[in-house]
Asks: 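Take a look at the following structure, please.
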Number of protein chains: 2
Amino acid sequence: MKGVEEILQQHSLKNTKVRKAVLSVLMRSDKGLSHQDLSRALDVDFDRVTLFRTLHAFEESGILHKIMDPNGIAKYAYTARPAADRHCHAHFICLDCGQVFCLDEEFPLGDMKVPKGFSKTTIDVQIKGYCNKCTAQD
Amino acid sequence: MKGVEEILQQHSLKNTKVRKAVLSVLMRSDKGLSHQDLSRALDVDFDRVTLFRTLHAFEESGILHKIMDPNGIAKYAYTARPAADRHCHAHFICLDCGQVFCLDEEFPLGDMKVPKGFSKTTIDVQIKGYCNKCTAQD
DNA sequence: ATTTAAATGCAACTCTGTTGCGTTGTTTTG
DNA sequence: CAAAACAACGCAACAGAGTTGCATTTAAAT
Ligand SMILES: [Mn+2]
Ligand SMILES: [Mn+2]
Ligand SMILES: [Zn+2]
Ligand SMILES: [Zn+2]
């Protein structure tokens, strides 16, 4: 697993406190985290706007991918695979606790049929239901 | 195609002006419409909150289904099929104009693999790219 | 060490969506 | 048809995510 500072450098992003902290948290998480999740997870209190801009920068670089939860809240997850063989993996969204999990299953973009004249870029598959914890305790 | 008033009655929803107007617009649309889209499309100016509550009521009854666009804005589309054989169809989201199209392709929920202890309810497939108009004019 | 361009922090703002409450309107029942 | 019952409506106030502009600071290049 690559180091945080190395990753930032590779994407020509300046090596700052916020960025190192945010990326470090997200690389250790198996779940997608919202802006709010992150500001709680970080020890230092960075400015709200800075955190939003950090997430945007990471998304644009392809370091993170964004998943929209059913309440319209963006969750961000670390993109483990390199941009070259960018894959389309599914996400599981728990309808109770709202957590977003990256799944391993992949989807080939080519198979999907779209109307005449439409061009495809990516495919997002969201499986909704209840996670192990929420299934158990209800 | 069933009438608006008949549909409301079948779902034990009171037959009011807003509801008839909203449902009428959505039944004629092949695209998902946001709260803002709808308030623009309606001739009469209904209260913002009433419109939100109408959409919620329709969603809960299964008359409409909700699709989250990448900007976190909810779009609603008429659910043509009856609740009995509820299917999981895909949506196309244009990355330029933001329009949401209901596609015909269906997905069987059973095929998807989820982690141990997780239970599945629905699957949402979103194909992102550029619609015919936005592909042509760029 | 200087310079330069980019990132940060702060304030103010926009927009979607929600909640509470009093009033109006649909529907049911006698 | 009139009365009652309950749901839906409209208004005001609010909450929270995300954005924009601008002055200040900081990382990185020279
Ligand atoms: Mn993911
Ligand atoms: Mn649809
Ligand atoms: Zn859960
Ligand atoms: Zn388009």
Side-chain angles (χ1 to χ4, degrees), chain A residues 3-24 32-61 63-76 93 98 100, chain B residues 3-24 32-61 63-77 93 98-100:
Chain A
V4 165
E5 315 192 357
E6 192 186 342
I7 294 175
L8 290 172
Q9 213 169 353
Q10 283 173 352
H11 289 87
S12 20
L13 292 168
K14 287 189 180 170
N15 221 306
T16 67
K17 282 178 202 166
V18 204
R19 287 176 180 171
K20 283 188 277 184
V22 169
L23 189 47
S24 171
L33 301 181
S34 66
H35 178 279
Q36 192 183 184
D37 292 337
L38 277 162
S39 50
R40 276 203 268 257
L42 298 167
D43 319 311
V44 189
D45 258 30
F46 298 104
D47 185 74
R48 271 170 37 80
V49 180
T50 301
L51 184 47
F52 275 119
R53 290 201 262 238
T54 299
L55 293 170
H56 287 156
F58 285 176
E59 194 199 353
E60 236 164 83
S61 311
I63 297 176
L64 301 182
H65 59 277
K66 177 173 145 187
I67 308 112
M68 271 297 164
D69 89 351
N71 304 313
I73 292 166
K75 309 234 169 164
Y76 294 88
I93 302 180
V100 172
Chain B
V4 164
E5 317 194 353
E6 191 186 343
I7 294 175
L8 291 172
Q9 213 167 353
Q10 282 173 354
H11 289 87
S12 19
L13 292 168
K14 286 188 181 170
N15 223 308
T16 68
K17 282 178 201 165
V18 205
R19 288 178 177 170
K20 283 188 277 186
V22 169
L23 189 48
S24 172
L33 301 180
S34 66
H35 178 278
Q36 192 184 189
D37 292 338
L38 278 162
S39 51
R40 275 203 268 259
L42 298 167
D43 319 310
V44 189
D45 259 29
F46 299 104
D47 183 74
R48 269 170 37 77
V49 180
T50 301
L51 184 46
F52 276 118
R53 289 202 260 237
T54 300
L55 293 171
H56 287 157
F58 285 177
E59 193 199 355
E60 236 164 84
S61 312
I63 298 175
L64 300 182
H65 59 277
K66 175 173 148 187
I67 309 111
M68 271 295 162
D69 90 350
N71 304 313
I73 292 165
K75 308 233 171 166
Y76 294 87
I93 302 181
Q99 284 189 101
V100 172

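Letters go in sequence order (proteins before strands), and every chain restarts at 1. Quick caveat, the model's predicted, so the values are computed rather than measured. The basis for the numbers below is simple: all heavy atoms, side chains too, and nothing from hydrogens, waters or symmetry mates.
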Asks: Applying ring pair (Phe, Tyr, Trp, His ring centres under 6.0 Å), name anything that partners A/H35, two or more places apart in sequence or on another chain.
Replies: A/F52
Asks: Nearest-Å distance, CD1 (A/I73) to P (C/dT18)?
Replies: 11 Å
Asks: How many whole angstroms separate atom CG of B/L51 from atom C1' of D/dC9?
Replies: 12 Å
Asks: Taking the nucleotide of DNA chain D with the closest heavy atom to each, which residue, B/T54 or A/A74, is nearer the 5' end?
Replies: B/T54
Asks: Compute the bend angle of the helix from C/dA1-D/dT30 to C/dG30-D/dC1 from the end axes (five pairs per end), rounded to 10°.
Replies: 30°
Asks: Identify the two heavy atoms, one from B/P70 and one from A/M68, that lie closest to each other, and give their separation to 0.1 Å.
Replies: O-CE, 3.0 Å
Asks: Quick one: is C/dT16 close enough that its OP1 or OP2 comes under 4.0 Å of any side-chain N or O from B/Q36?
Replies: yes
Asks: Nearest to the B/R19 side chain among D/dA17, D/dG18, D/dC9, which nucleotide is it?
Replies: D/dC9
Asks: Taking only residues two or more places apart in sequence, or in another chain, which ones meet B/E59 in a salt bridge (Lys or Arg N to Asp or Glu O under 4.0 Å)?
Replies: none
Asks: Quick one: which residue pairs count as a side chain to side chain donor-acceptor pair (under 3.5 Å) with a foot in residues 38-49 of chain B, not counting sequence neighbours?
Replies: B/Q36-B/R40
Asks: Rounding to an integer number of Å, can you tell me how far A/E60 CD sits from C/dA6 C1'?
Replies: 14 Å
Asks: So does A/R53 reach the base of D/dG21 with its side chain, donor to acceptor, closer than 3.5 Å?
Replies: yes
Asks: Take atom CZ of B/F52 and atom C1' of D/dA15, then tell me their distance rounded to the nearest Å.
Replies: 13 Å
Asks: Hey, can you pull the residues of residues 37-50 of chain A with a non-hydrogen atom under 4.0 angstrom from DNA chain D?
Replies: A/R48, A/V49
Asks: Using a 4.0 Å heavy-atom cut-off to protein, can you give one letter per nucleotide of nucleotides 25-30 of chain D, 5' to 3': B if the base is in contact, S if only the sugar-phosphate is, - if neither?
Replies: --BS--
Asks: List in chain and number order the residues that pass side chain to side chain contact (heavy atoms under 4.5 Å, CB included) with B/I73, two or more places apart in sequence or in another chain; answer none if no residue qualifies.
Replies: B/S34, B/D69, B/N71
Asks: Quickly work out the A/L33 CG to D/dA17 C1' distance and round it to whole Å.
Replies: 16 Å
Asks: Rounded to whole angstroms, how far apart are NE2 on A/H11 and C1' on C/dA6?
Replies: 18 Å
Asks: Mind calculating the distance between CG (A/L55) and P (D/dA17) to the nearest angstrom?
Replies: 13 Å
Asks: Quick one: closest heavy-atom pair of B/A77 and B/G32, and the distance?
Replies: CB-CA, 4.2 Å
Asks: Tabulate below the donor-acceptor pairs under 3.5 Å that side-chain atoms of residues 6-20 of chain B make, not counting sequence neighbours, or state none.
Replies:
| unit_1 | atom_1 | unit_2 | atom_2 | d |
| --- | --- | --- | --- | --- |
| B/Q10 | OE1 | B/K2 | NZ | 3.4 |
| B/H11 | ND1 | B/I7 | O | 3.0 |
| B/N15 | ND2 | B/E5 | O | 3.4 |
| B/R19 | NH1 | B/K14 | O | 3.1 |

Asks: For the pair made of CE in A/M68 and P in C/dT16, what is the distance, rounded to whole Å?
Replies: 13 Å
Asks: Any non-hydrogen side-chain atom of A/L55 less than 4.5 Å from a side-chain atom of A/L38?
Replies: yes
Asks: Is any side-chain heavy atom of A/H65 closer than 4.5 Å to a side-chain heavy atom of A/I67?
Replies: yes
Asks: Taking all non-hydrogen atoms of both residues into account, name the closest pair between B/K75 and B/G98 and its distance.
Replies: NZ-O, 2.9 Å
Asks: Can you confirm whether B/H56 sits close enough to B/Y76 that some side-chain heavy atom of one is under 4.5 Å from a side-chain heavy atom of the other?
Replies: yes
Asks: Does OP1 or OP2 of C/dT18 have a side-chain N or O of B/H56 closer than 4.0 Å?
Replies: yes
